[in-house]
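Working notes, structure below.
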Amino acid sequence: GHYGVIVLCPQGPPTVVCWRMHRAFALGLCFFALSCGGEFGEPYLVKNIGVGWIGVQGHVIFRGRAVFPAERTEEGSELWTSDGTPDGTIPIIDLWPGAASSHPADLVVAGDRVFFTASHPLHGRGLWITDGTAGGTRFVSDFGAPSQNSAAVYWAVALGTRAVLMVREPVNGVEPWVSDGTAAGTRLLKDIWPGPADTFGGIVEPSVAATDQVYFMAIEPATGTELWKTDGTPEGTRLVRDVAIGPDTPSVGPFFQGLRAGLVQAMNGRIYWRSGGGIWVLPSDGIPQPAWPGFDVLFMEPCQGQMALYSSSQGLAVAGPLDSSPAVVAAVSVPGGFLRSSRACAFQCAGSSVFACILDQAGYRQVALNVSQRSLITLDQRGDLSAGGNYFSQEVVTAGGRLYFAGVDPTAGGSATALWSSDGTAAGTLKVSEPAVGLYPGPALPGLLLFSRSDSEGRASVWAIRIP
């Protein structure tokens, strides 16, 4: 006869079910495979890369696979792909042949391809596209700057099947570009600050794609730093409104350059941005209006239909779209207005909590700001920065309503990092892997999280863990 085995799991369905197997063998064969969907699996090695590094934190998910940069002796730094299996974890193409590196970066999925930038001996630093195969990878444009390292991309975002990019090149400085994946369709959208001057004024702020527009902050002589938008055409690239009248617009300062400052955000079909000492909103009618005037922020993050905010003068707060002013949850007194500024410790939403790291009179700690309950929970108390300054990594990953990050394992000694996960509660903040010299969380595939580990001799490897 045949026999089925099903495990009843209190937190979710079983991940493996044996069926149509002879009853004499079913229990024995399934004994080690059955596990509950609400639990973490045991981390396992996917593939040893060798001496090098794996940039899983710079990944995208494309056609159910992870695409990310990685480096090893044979190919240098090139583009890789993984489906979570040893045979499926391979380099896509060696763009700069041999041990030299093309250093792929700025990955964004738009339509049926991945846009990315890379260096090449003939094309210099330019734009490429790939369908995940060597034959489907081709050069697009050098942005009119063919010499090595003369062009750079600061951010890239998908707009339908096209990519909108903030590009630095010698003639126009840093300005918005658009590409449809062809040389003819890759062009400058607008020289916002005419000539070689940079339109972002030294501050690399992120962009937000909403419906058929991309919103971004830009600076030009007449209006200063304000919100701009583009529909991917030169005529559709324009200033939304000069909110802080005149050229002397306040900015967040060079300390936050390159950070995920979150000063432009989309929530509930509206665009929110920081300008003129407060937060403005662009409703669906296209008429900008003050949302929370006078609440000057350094960070904001949408989460569960609410906006979490951090103000150096007022603290951590939450505001809903109908609130006339943010509700201060914790009047955090941060010396010098300091909030831990790595990407793991700025604002990141997972589930119903926004995670942050703060340094105040209570010491250096990781907190979860619950936007639904409007409460603050301390997840870990590290003391002063010298005791815990490297506790959190530069990158985090969210999956299934949980945050995954690399953190120091207090039981291991030294600075070895382990993979941690948190649901926004102290009890739900768990170590889920053993420590390594270097560890970074990476792509989340369905039910599976990839991460990289490196040892003291510089050998890198791809690992995986089954996640709830």
Side-chain angles (χ1 to χ4, degrees), residues 46-47 49-83 88-143 145-158 162-169 177 179 181-183 186 204 258 343 394-395 397 438 440-443 445 450-452 454 460-462:
V46 175
K47 191 163 192 172
I49 300 298
V51 176
W53 63 273
I54 304 168
V56 289
Q57 65 269 32
H59 72 274
V60 295
I61 302 298
F62 179 66
R63 296 179 178 174
R65 300 175 62 92
V67 179
F68 55 91
E71 179 179 353
R72 64 177 179 179
T73 305
E74 295 92 323
E75 299 99 358
S77 174
E78 300 293 349
L79 204 61
W80 283 61
T81 183
S82 177
D83 61 1
T89 303
I90 55 174
I92 293 176
I93 190 172
D94 189 4
L95 281 182
W96 196 310
S101 297
S102 69
H103 297 295
D106 311 305
L107 280 65
V108 62
V109 177
D112 60 351
R113 58 243 167 134
V114 177
F115 288 77
F116 67 100
T117 60
S119 297
H120 187 272
L122 297 179
H123 305 299
R125 188 75 185 175
L127 184 66
W128 295 70
I129 57 171
T130 184
D131 64 0
T133 68
T137 302
R138 62 181 178 83
F139 174 70
V140 177
S141 173
D142 59 14
F143 303 110
S147 62
Q148 290 299 324
N149 300 319
S150 57
V153 172
Y154 289 94
W155 52 253
V157 65
R162 296 173 295 168
V164 175
L165 314 97
M166 190 64 79
V167 179
R168 178 194 292 276
E169 42 84 14
W177 286 61
S179 177
T182 68
T186 302
V204 184
R343 294 189 179 185
Q394 289 289 321
E395 297 289 343
V397 174
Y440 292 94
L445 301 175
L450 302 183
F451 62 99
S452 68
S454 57
S461 53
V462 177

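Residue numbers count from 1 along this sequence.
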Open item on the list: Pair L165, L127 - check side chain to side chain contact (heavy atoms under 4.5 Å, CB included), show working.
Closed with: CA-CA 10 Å; L165 314 97; L127 184 66; 3.9 Å; yes

TODO: Considering non-hydrogen atoms only, spot the tightest contact between V140 and S179 and give its length.
DONE: CG1-OG, 3.8 Å

Task: Spacing of OG belonging to S452 relative to CD1 belonging to I49, to within rounding of 0.5 Å - done: 9.5 Å

Open item on the list: Measuring from atom CG of D112 to atom CZ of F62, what distance do you get when rounded to the nearest 0.5 angstrom?
Closed with: 6.5 Å

Open item on the list: For a quick test of reading the model, state the closest non-hydrogen atom pair linking P443 to I61 and the distance between them.
Closed with: CB-CD1, 3.7 Å

TODO: For T137, enumerate each residue passing the side-chain hydrogen bond (donor to acceptor under 3.5 Å, both in side chains) test, keeping only those at least two apart in sequence or located in another chain.
DONE: T130

- [ ] Check whether any side-chain heavy atom of W53 lies under 4.5 Å from a side-chain heavy atom of P69, and answer yes or no.
- [x] yes

Task: Side chains of F115 and T186 in contact at under 4.5 Å (non-hydrogen atoms) - done: no

Open item on the list: So, using side-chain hydrogen bond (donor to acceptor under 3.5 Å, both in side chains) as the criterion, who are the partners of R113 when residues are at least two apart?
Closed with: none

Open item on the list: Restricting to non-hydrogen atoms, name the atom on F68 and the atom on S82 that form the minimum distance, rounded to 0.1 Å.
Closed with: CE2-CB, 3.8 Å

TODO: Would you please name every residue forming a salt bridge (charged side-chain N to carboxylate O under 4.0 Å, His left out) with E75, sequence neighbours left out?
DONE: R72

Open item on the list: Testing the basics here: between G181 and I129, what is the closest heavy-atom pair and its distance to 0.1 Å?
Closed with: O-CD1, 3.7 Å

Task: Set of side-chain hydrogen bond (donor to acceptor under 3.5 Å, both in side chains) partners for T133, sequence neighbours left out - done: D131

Open item on the list: Run the side chain to side chain contact (heavy atoms under 4.5 Å, CB included) test against I90 and tell me which residues pass, sequence neighbours left out.
Closed with: K47, T81

Task: side chain to side chain donor-acceptor pair (under 3.5 Å) partners of residues 97-111, not counting sequence neighbours, each pair once - done: E78-S102, D106-T117

TODO: Tell me, please, which residues at least two apart from A158 pass side chain to side chain contact (heavy atoms under 4.5 Å, CB included).
DONE: V108, A110

Task: With S461 via side-chain hydrogen bond (donor to acceptor under 3.5 Å, both in side chains) - residues at least two apart - done: W463

Task: Closest approach of A134 to I93 (non-hydrogen atoms, all atoms of both residues) - done: O-CD1, 3.8 Å

- [ ] Give the ring-plane orientation class for W128 versus F139, where under 30° counts as parallel, over 60° as perpendicular and anything between as tilted.
- [x] perpendicular

Open item on the list: Once ring pair (Phe, Tyr, Trp, His ring centres under 6.0 Å) is applied, do any residues pair with F143, and if so which ones, sequence neighbours excluded?
Closed with: W177

Task: Minimum side-chain heavy-atom gap P104-L95 below 4.5 Å - done: no

TODO: With sequence neighbours excluded, tell me which residues meet side chain to side chain contact (heavy atoms under 4.5 Å, CB included) with V60.
DONE: V67, L107, V109, V114

Open item on the list: I need the full list of salt bridge (Lys or Arg N to Asp or Glu O under 4.0 Å) pairs touching residues 58-68, with sequence neighbours left out, sorted by first then second residue.
Closed with: R65-D83

